[in-house]
Amino acid sequence: MPSRTGRAGRSGTLPTFRRVSADSYLGVTTVTDVTDGVLHTLFQSDQGGHEQVVLCQDRASGLKAVIAIHSTALGPALGGTRFYPYASEEEAVADALNLARGMSYKNAMAGLDHGGGKAVIIGDPEKIKTEELLLAYGRCVASLGGRYVTACDVGTYVADMDVVARECRWTTGRSPENGGAGDSSVLTAFGVFQGMRASAQHLWGDPTLRGRKVGVAGVGKVGRHLVEHLLKDGAEVVITDVRDESVRRITELHPEVAVAADTATLIRTEGLDIYAPCALGGALNDDTVPVLTAKVVCGAANNQLAHPGVEKDLADRSILYAPDYVVNAGGVIQVADELHGFDFDRCKAKASKIFDTTLAIFARAKDDGIPPAAAADRIAEQRMAEARGH
């Protein structure tokens with residue numbers, strides 16, 4: 001299949017948008033032009049192919065949200081809700097489309113009976129997030145009748161999902177007190193750790209991080225748990241985060257952990273074996289890849305490859321890339337299980353299989369002579385095609 005742009009993990013630059021012109025008649029605004037970028041991404045099968053995109057607004061609470069359903073071939077679309085102060089509505093739509101497509105691939109590779117979907121709420125959660133807004137959002141999700149199942153993402157938390165669930169039964173990532181599984185970052189970090197072990201097995205012949213130097217960029221919800229796994233396994237850890245309190249929380253517990261001034265410093269650290277981007281996307285780009293000292297990239301962040309071709313740039317530098325949507329699937333495995341009565345041990349056993357899945361991707365990449373990211377895509381696409389019956 002030809003390479004795609006606009007997908008999570010291979011998202012590239014945002015589409016180019018054309019200003020909408022409109023005429024007003026009796027108080028009704030009639031749109032006479034459309035944004036080429038959004039419609040092109042939505043309807044072109046090689047970039048979008050999304051089944052449904054819903055724009056949600058509740059004037060009373062200030063809610064503005066986009067729900068994107070990419071595929072329900074494997075089952076109801078499943079993906080989190082991102083709450084973020086986008087620069088424009090067009091940027092929010094593009095992000096929802098990219099993230100939803102990425103969830104289709106993630107859920108397929110995780111072996112889940114779910115398609116891909118994602119929602120974004122536009123605005124600064126520190127300023128506009130209220131109970132009323134979350135309830136209004138819950139009503140929007142409920143209106144889809146189960147085609148989309150939501151969960152936490154950047155800017156939303158377990159407590160938020162508890163509120164959303166009051167209006168929507170198709171909500172996961174809730175607190176144990178409200179019938180949920182709680183914080184999914186625990187198994188997300190565990191899955192990334194399994195991806196690292198597989199990378200070590202593939203590259204060095206031993207599935208351990210003992211004695212390896214690992215740089216973790218972003219030690220928030222997921223990164224801090226990942227650090228614990230690495231230290232327990234005997235790795236040497238270097239961290240960085242834009243939030244001083246996040247760094248301090250780690251170093252107070254583990255004084256042996258080194259701190260880099262910023263990500264630019266971290267990726268240039270001498271002797272770095274593994275780089276783990278665990279913050280926002282786009283970490284692997286034309287500026288960062290040429291200066292990476294690590295031999296492996298394996299992290300929790302979504303959309304790590306800034307544009308198509310970055311996966312080849314990594315391969316050309318003999319840097320092994322563990323596809324982000326494969327190794328960070330522990331969280332979605334957890335929230336999917338919540339729909340059937342959460343069992344942590346069952347989820348952890350399934351997340352452990354990320355080790356085998358990652359190894360299978362590396363083997364497929366070698367056999368097909370392609371980067372691991374492309375190999376993962378082929379495997380996911382095969383599963384979705386088989387579910388559609390073609």
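It should be emphasised that the depicted structure is a prediction, and the values quoted were computed from it without experimental measurement.
Note: Leu74 CG to Glu386 CD = 10.0 Å, rounded to the nearest 0.5 Å. With values rounded to the nearest 0.5 angstrom, Thr358 atom OG1 is found 14.0 Å from Lys353 atom NZ. To the nearest 0.5 Å, the span separating CD on Glu381 from CZ on Arg388 amounts to 9.0 Å.
In this structure, Val219 and Cys278 have side chains that are not in contact, with every pair of non-hydrogen atoms separated by 4.5 Å or more. Contact check for Val326 versus Lys106: no side-chain heavy atoms found under the 4.5 Å cut-off. Side-chain contact between Leu209 and His229 is absent, with no heavy atoms from C-beta onward closer than 4.5 Å. The side-chain heavy atoms of Lys295 and Ser318, taken from C-beta on, include no pair separated by under 4.5 Å.
Side chain to side chain, Tyr325 and Asp377 meet the donor-acceptor criterion of an N or O pair below 3.5 Å. No side-chain donor-acceptor contact under 3.5 Å links Thr156 and Asp153. With 3.5 Å as the limit, one finds no donor-acceptor pair spanning the side chains of Gln334 and Glu338. When only modelled atom types and interatomic distance are considered, Glu228 and His254 share a side-chain donor-acceptor pair under 3.5 Å. Using modelled atom types, one finds a donor on one side chain and an acceptor on the other under 3.5 Å when comparing Ser175 with Asp162. With hydrogens and angles left out, the side-chain atoms of Asp183 and Ser185 include a donor and acceptor closer than 3.5 Å. Residues Glu270 and Thr293 bring no donor and acceptor atom of their side chains to less than 3.5 Å of each other. Using modelled atom types, one finds no donor on one side chain facing an acceptor on the other under 3.5 Å when comparing Asn302 with Asp324. Side chain to side chain, Thr81 and Thr150 meet the donor-acceptor criterion of an N or O pair below 3.5 Å.
Residue Arg317 places its CZ atom among more than 12 non-hydrogen atoms of other residues, nucleotides or ligands, all under 6.0 Å distant. With a 6.0 Å radius and a threshold of 12 heavy atoms from other residues, nucleotides or ligands, Glu126 has its CD atom at or below the threshold. Heavy-atom contacts from other residues, nucleotides or ligands closer than 6.0 Å to NZ of Lys348 number 12 or fewer. The number of heavy atoms from other shown groups lying within 6.0 Å of NZ (Lys64) does not exceed 12.
Here the shortest heavy-atom pairing between Pro76 and His114 reads O-ND1, 2.8 Å. Of all heavy-atom pairs between Thr269 and Leu266, the closest is OG1-O, 2.8 Å. Taking all atoms of both residues into account, the shortest heavy-atom contact from Ala336 to Leu78 is CB-CD2, 3.7 Å.
Panel note: side chain Arg268, backbone Ala264; a donor-acceptor pair is recorded below 3.5 Å. Counting only distance, with no hydrogens or angles, the side chain of Ser71 and the backbone of Ser104 share no donor-acceptor pair below 3.5 Å. Side-chain atoms of Asp337 never come within 3.5 Å of backbone atoms of Ile333 as a donor-acceptor pair (strictly under, hydrogens ignored). At least one donor-acceptor pair under 3.5 Å links the side chain of Arg197 to the backbone N or O of Pro207.
Geometrically, Arg147 does not engage Trp170 in a cation-pi contact defined by less than 6.0 Å to the ring centre and at most 45° from the axis. Remark: Lys232 fails to qualify as a cation-pi partner of Phe193 under the 6.0 Å distance and 45° angle criteria applied to the six-membered ring.
Aromatic ring orientation, His50 versus His70: perpendicular (interplanar angle above 60°, classes split at 30° and 60°).
Note on Tyr148 and Leu112: separate hydrophobic clusters, where clusters join Ile, Leu, Val, Met, Phe, Trp and Tyr whose side-chain heavy atoms are under 4.5 Å apart, directly or indirectly.
Classification of Glu236 and Arg210 as a salt-bridged pair fails, no side-chain N sitting under 4.0 Å from a carboxylate O.
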